[in-house]
Novice: 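For reference, the structure I am asking about is given below.
One is the number of the first residue; the rest follow in order along the sequence. Just so you know, these numbers use all the heavy atoms, side chains as well, and skip hydrogens, waters and symmetry mates.
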Amino acid sequence: MSKKDEESPRVSASPNPPPLPVAFISSRQESTFAARKSAVRKYCCTPTATKNTWDCLFDEGYRADVSINTDNGGVLYAHASILGVNSAVFKSMLSLKQSRAHGRCGQRSISINGVPPEAVQVFIRFLYSSRYEEEKMKEHGLSLLVLSHAYAVTHLKRECEWQLEQRLTTENVVDIFQLALLCDASRLSLVCHHFMMKNLKPISATEGWKAMKQSHPVLEKQMLKSIIDEDIREKERVRKNNERKMYMQLYEAMEALVHICKDGCRTIGPHDKVLKEDQEPCHYAACKGLESLIRHFAGCKLRVPGGCIHCKRMWQVLELHSRLCANSDVCKVPLCRSFKQKRRKQNKKDEMKWSILVRKIVRSKSISGAPFFSSEST
């Protein structure tokens with residue numbers, strides 16, 4: 001080995017760092033998202049002195065090269081570079097007017113009409129310092145939403161949407177809803193839509209609803225249709241939830257039946273089991289009802305199916321268990337094997353009904369994340 005090699009330090013390739021844990025990544029992403037959301041909403045990422053400087057630049061119009069004409073003859077002065085950086089629409093407009101500049105210092109002129117002049121002033125000021133006064137937002141929120149959409153100022157548009165969401169009332173929701181549709185504010189329109197569905201009766205009596213009915217009858221019909229459709233979907237959800245609860249109760253009854261016949265519960269159980277008087281409280285909610293049903297079934301004189309409504313229910317419980325049971329050879333539930341043999345003689349219509357019921361019971365329990373009955377009944 002040469003002396004040069006001996007003196008040169010040995011550089012070993014360092015291994016790549018391990019990946020971050022999933023929980024850390026998700027929490028970090030959530031915190032980053034929350035920080036960005038807070039920064040957008042509160043506009044607190046820039047020092048106050050800097051914001052004041054930008055406000056001063058707008059208020060004094062120092063070396064302004066653009067004049068903005070508003071309604072009622074008002075004029076605002078601004079800087080083309082600031083307008084163009086914050087809005088691609090302004091940038092395009094000012095570039096077209098650059099070759100046709102007039103007046104001293106080549107000052108260009110644009111017009112913003114159709115909204116109050118004060119709303120235009122709040123809008124242009126926001127482009128300088130990303131600030132606004134709370135009272136001005138309350139007063140000109142709708143106009144600022146229109147301006148931010150028309151001139152593609154997305155951060156102001158998001159803020160306007162959020163502010164309007166917080167101020168929805170039965171009196172203004174129709175106007176905000178129509179404007180949200182025109183300005184392509186999808187979240188705001190969806191929030192208004194949900195608000196209107198929940199408060200349709202008082203909203204339908206407002207002047208805004210009457211005006212919408214006259215100017216946009218198709219929109220009113222669509223609103224009413226969506227409310228009817230939502231009501232139908234809600235009823236369907238309630239029906240399915242009730243149905244799922246019923247199937248889960250049947251599943252729990254089957255578990256309780258196996259528990260009673262295998263281990264015993266309270267004062268009832270298999271003949272070869274000695275029940276303790278100081279047993280712990282049973283965690284099967286269906287045990288109490290099944291216990292009374294089994295006692296009636298054991299002592300009823302009309303035990304034949306159809307002779308007694310309570311006995312008929314018990315027969316159905318036993319048959320349902322046999323269809324869910326995985327191994328009737330070792331099962332301790334009475335008549336489990338007999339019902340499995342009886343199934344071979346049933347007609348296809350009855351067999352199909354039972355198969356559908358069993359499938360729905362098992363599916364309802366698998367949705368809840370619990371194991372199948374068939375794996376616990378042996």
Side-chain angles (χ1 to χ4, degrees), residues 238-368 370-378:
V238 171
R239 185 189 68 80
K240 287 185 177 181
N241 286 336
N242 292 336
E243 190 179 70
R244 188 175 295 115
K245 287 179 182 178
M246 179 189 68
Y247 293 140
M248 291 184 68
Q249 288 172 356
L250 286 173
Y251 186 99
E252 291 166 0
M254 297 299 102
E255 289 182 321
L257 179 63
V258 174
H259 162 65
I260 291 173
C261 297
K262 182 180 178 182
D263 305 319
C265 184
R266 296 188 179 94
T267 61
I268 189 171
H271 63 86
D272 57 346
K273 289 275 186 178
V274 178
L275 301 177
K276 299 179 181 179
E277 296 181 358
D278 56 344
Q279 290 188 26
E280 296 180 357
C282 182
H283 64 278
Y284 289 99
C287 260
K288 188 175 181 180
L290 269 178
E291 182 179 348
S292 59
L293 192 62
I294 292 172
R295 289 188 181 279
H296 170 84
F297 183 74
C300 183
K301 306 298 182 182
L302 303 174
R303 198 181 299 172
V304 293
C308 173
I309 186 172
H310 301 293
C311 292
K312 183 179 180 180
R313 185 177 301 171
M314 189 64 205
W315 281 107
Q316 292 171 341
V317 169
L318 293 173
E319 183 168 359
L320 180 58
H321 161 79
S322 71
R323 292 176 175 273
L324 286 166
C325 185
N327 192 350
S328 58
D329 294 331
V330 296
C331 182
K332 294 187 177 183
V333 177
L335 304 176
C336 182
R337 186 184 302 177
S338 300
F339 275 112
K340 282 190 179 292
Q341 295 174 352
K342 178 186 174 183
R343 287 168 54 184
R344 302 170 185 173
K345 301 178 181 179
Q346 282 186 333
N347 57 51
K348 291 184 178 180
K349 187 176 181 181
D350 292 339
E351 182 64 24
M352 185 176 294
K353 288 180 180 179
W354 279 106
S355 299
I356 293 173
L357 177 61
V358 169
R359 185 166 61 250
K360 288 185 176 181
I361 290 174
V362 173
R363 184 174 180 270
S364 67
K365 199 61 179 178
S366 65
I367 290 174
S368 68
F372 292 123
F373 175 81
S374 58
S375 63
E376 294 184 335
S377 60
T378 57

Novice: Using a strict cut-off of less than 4.0 Å between a Lys/Arg side-chain nitrogen and an Asp/Glu carboxylate oxygen, indicate whether E351 and R323 qualify as a salt bridge.
Specialist: yes
Novice: What pairs of residues pass the ring pair (Phe, Tyr, Trp, His ring centres under 6.0 Å) test when at least one of them lies in residues 332-365, not counting sequence neighbours?
Specialist: W315-F339
Novice: Are the side chains of Y247 and L357 in contact, using a 4.5 Å heavy-atom criterion?
Specialist: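 They are in contact (side-chain heavy atoms under 4.5 Å apart), so the answer is yes.
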Novice: Supply the atom-to-atom distance C287 SG to E255 CD, rounded to the nearest 0.5 angstrom.
Specialist: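 It comes to 10.5 Å.
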Novice: Start with the C-alpha gap between M254 and V317, add the side-chain angles, then the distance that decides, and say whether side-chain contact (heavy atoms from CB on, under 4.5 Å) holds.
Specialist: CA-CA 8 Å; M254 297 299 102; V317 169; 3.5 Å; yes
Novice: Output the distance between atom CZ (R337) and atom CG (N327), rounded to the nearest 0.5 Å.
Specialist: 9.0 Å
Novice: Can you find a pair of side-chain heavy atoms, one from C300 and one from M314, that are under 4.5 Å apart?
Specialist: no
Novice: Pick one: which of L320, V333, L324 meets side chain to side chain contact (heavy atoms under 4.5 Å, CB included) with L257?
Specialist: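 Looking at L320, V333, L324, the match for L257 under the side chain to side chain contact (heavy atoms under 4.5 Å, CB included) is V333.
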Novice: S322 and C336: which non-hydrogen atoms are nearest, and at how many Å?
Specialist: CB-O, 3.5 Å
Novice: Quick one: side chain to side chain donor-acceptor pair (under 3.5 Å) partners of N241, sequence neighbours excluded?
Specialist: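 By the side chain to side chain donor-acceptor pair (under 3.5 Å) rule, N241 matches R244.
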Novice: Show the nearest heavy-atom pair for residues L318 and P334, with the distance to one decimal.
Specialist: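 That closest heavy-atom pairing would be CD2-O, 3.8 Å.
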Novice: Identify the heavy atoms of A256 and L290 that sit nearest to each other, and give their distance.
Specialist: CB-CD1, 3.8 Å
Novice: In Å, rounded to the nearest 0.5 Å, how long is the span from NZ of K360 to CG of L250?
Specialist: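 So the gap between those two atoms works out to 12.0 Å.
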Novice: Supply the atom-to-atom distance H321 NE2 to C261 SG, rounded to the nearest 0.5 angstrom.
Specialist: 7.5 Å
Novice: Find the distance between CD (Q249) and CD1 (I361) and round it off to the nearest 0.5 Å.
Specialist: 11.0 Å
Novice: Give me the atom names and distance for the closest heavy-atom approach of L293 to H310.
Specialist: CD1-O, 3.5 Å
Novice: Take atom CE of M352 as the centre, draw a 6.0 Å sphere, and report whether it contains more than 12 heavy atoms from other residues, nucleotides or ligands.
Specialist: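 No - once you tally the heavy atoms of other residues, nucleotides and ligands closer than 6.0 Å, there are 12 at most.
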